[in-house]
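For the numbers below, each heavy atom of this structure counts, side chains included, while hydrogens, waters and symmetry mates do not. All of these numbers come straight from a predicted model, not from anything done at the bench. Throughout, protein chains are lettered first and strands after them, A, B, ... in sequence-line order, and every chain is numbered starting at 1.
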Amino acid sequence: MYDVVRRIPRGTVATYGQVAALAGAPRSARFVGFALHSNPEPGVIPCHRVVFRDGSLAPGFAFGGPERQRALLEEEGVVFRPGTGDPAGAAGWRVDLTRCQWRA
DNA sequence: AACGTGACATCTG
DNA sequence: GCAGATGCCACGT
């Protein structure tokens, strides 16, 4: 499970459902979120690489703020798209899952 | 030991 | 297509 999250390549993001599926729990996306919340190994578990199915993070529950996450992901090469009239979750910033979603 | 709740996702109406 | 309800696993009370 944590190993799966750790396995997320740099510059890509994975959805809770995706991680859950890889972890062997296709319907336990919530469990994934809880696991990340647990964050047994801070600094090792890239919570910011795990996003909603919409491509956004949990607003307010990010490690240090939505901007921080955007900065990190952007730094890793993840493509962000500004609020194209559909602001969702984190400050209306969503990751381009069509290009940056991690595929096993 | 049991009930309720929680970083989501998916099905049905 | 949108809105509401349900399921999953683990943790807290």
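Non-hydrogen atoms lying under 4.0 Å from DNA chain B are contributed by nothing in residues 6-15 of chain A.
Judged as a side-chain hydrogen bond (donor to acceptor under 3.5 Å, both in side chains), and not counting sequence neighbours, the contacts of Asp96(A) are Thr98(A). The side chain to side chain contact (heavy atoms under 4.5 Å, CB included) test applied to Arg70(A) returns Glu74(A), Phe80(A), Trp93(A), not counting sequence neighbours. Shown here are the side chain to side chain contact (heavy atoms under 4.5 Å, CB included) partners of Ala29(A), two or more places apart in sequence or in another chain: Tyr16(A). Residues meeting the side chain to side chain contact (heavy atoms under 4.5 Å, CB included) test with Phe34(A), sequence neighbours left out: none. The side-chain hydrogen bond (donor to acceptor under 3.5 Å, both in side chains) check on Arg27(A) picks up nothing, with sequence neighbours excluded. In terms of the side chain to side chain contact (heavy atoms under 4.5 Å, CB included) criterion, Pro26(A) has no residue partners (sequence neighbours excluded).
Here the range on DNA chain B touched by chain A, meaning any atom under 4.0 Å from one of its heavy atoms, is dG6(B) to dT10(B).
We find the CH2-CG distance between Trp102(A) and Leu22(A) to be 5.0 Å, quoted to the nearest 0.5 Å.
The stretch residues 11-21 of chain A participates, sequence neighbours left out, in no salt bridge (Lys or Arg N to Asp or Glu O under 4.0 Å) pair at all. Legend: salt bridge (Lys or Arg N to Asp or Glu O under 4.0 Å) pairs involving residues 5-19 of chain A, not counting sequence neighbours, sorted by first then second residue: Asp3(A)-Arg6(A), Asp3(A)-Arg7(A), Arg6(A)-Glu41(A).
Atom C1' of dA7(B) sits at a distance of 22 Å from the matching atom of dA3(C), rounded to the whole Å.
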Protein N or O to nucleotides 2-7 of chain C N or O, pairs below 3.5 Å:
| residue | atom | partner | partner atom | Å |
| --- | --- | --- | --- | --- |
| dG7(C) | O6 | Arg30(A) | NH1 | 3.2 |

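Between Cys47(A) and Asn39(A) the shortest heavy-atom distance is SG-ND2, 3.3 Å.
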